[in-house]
Undergrad: 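I'd like to ask you about the structure that follows.
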Amino acid sequence: MSKVLVLNGSVIPSEKSNSHEMARVFLEEYKKVNPKDEIIELNLNKLVVGTNTLTTETFGTYWSEDEGMKYINQLKEVDKVLVIAPMYNFQVSGMLKNYIDHVALANQTFSYKYATKGESIGLLDKLKIQILATQGAPKGWYPWGDHVAYLKGTWEFMGATVAEPILLAGVKVEPLSTQTPKDIVSTIVLKLIEAAKKF
Ligand SMILES: Cc1cc2nc3c(=O)[nH]c(=O)nc-3n(C[C@H](O)[C@H](O)[C@H](O)COP(=O)(O)O)c2cc1C
């Protein structure tokens with residue numbers, strides 16, 4: 001039995017959210033294939049780890065047992081992470097960035113200690129990641145704002161194995177912009193099902 005952590009990095013209410021609809025389809029299939037697995041959801045909207053930004057004020061407690069370390073330990077206990085990642089202003093949400101600021105910690109999730117000069121090693125080497133991403137613009141409109149590349153690179157830096165990310169792009173331009181999340185996501189349903197089976 002595996003433990004799957006779901007990181008909700010969307011600010012949109014679930015019933016109106018494209019990325020939530022992607023996760024719903026993905027998890028429905030995943031549960032068919034892995035009925036005994038435990039699914040743990042972190043709604044970053046509601047948690048300190050999602051809402052607490054690193055500042056001079058918060059620096060002293062950011063990686064305490066209640067905040068960063070709790071979630072770092074969770075990452076060491078689970079087997080897989082499903083990342084729900086819409087683009088807001090050319091990047092992941094502030095909540096997802098806050099989460100990463102908490103868990104990307106030297107000597108906990110990555111280390112320079114045993115690596116050859118200038119390189120690092122990731123310490124989360126048992127983790128498997130699936131990124132489900134959305135963006136309003138078609139893919140490639142602004143290559144400098146690639147939130148999928150940022151996420152993939154960050155998890156790989158921490159040692160995880162990242163499955164091929166699924167990006168649902170162009171949701172704010174026609175023809176998708178006038179459709180419901182269900183209809184929009186139906187355009188990539190086979191991709192989601194295939195990925196869920198393999199995860
Ligand atoms: C505040 C805000 C900022 C956004 N910024 C961008 C952006 O910079 N680039 C883009 O392509 N889409 C942008 N979008 C569109 C969202 O990525 C898209 O609507 C996404 O589906 C919203 O989250 P959801 O997947 O949970 O529905 C933005 C949406 C909102 C609400």
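Counting starts at 1 for both ligands and their atoms, in listed order.
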Undergrad: Write down, by chain and number, every protein residue that brings a non-hydrogen atom to less than 4.0 Å from an atom of ligand 1.
TA: Ser10, Ile12, Ser17, Asn18, Ser19, Pro86, Met87, Tyr88, Asn89, Phe90, Thr134, Gln135, Gly136, Ala137, Tyr142, Val171, Lys172
Undergrad: Is it true that, when you exclude Glu174 itself, more than 12 heavy atoms of the residues, nucleotides or ligands shown sit nearer than 6.0 Å to its CD?
TA: no
Undergrad: Tell me whether the NZ or CZ atom of Lys80 lies within the 45° cone about the ring axis of Phe199 and under 6.0 Å from its centre.
TA: yes
Undergrad: Could you tell me how the ring of Tyr142 sits relative to the ring of Trp144: parallel (under 30°), tilted (30 to 60°) or perpendicular (over 60°)?
TA: tilted
Undergrad: Take atom NZ in Lys76; do more than 12 heavy atoms of anything else shown fall under 6.0 Å from it?
TA: yes
Undergrad: Could you point out which residue of Leu192, Val6, Val83 forms a side-chain contact (heavy atoms from CB on, under 4.5 Å) with Leu132?
TA: Leu192
Undergrad: Hey, are Lys191 and Glu194 close enough for a salt bridge, meaning a charged N less than 4.0 Å from a carboxylate O?
TA: no
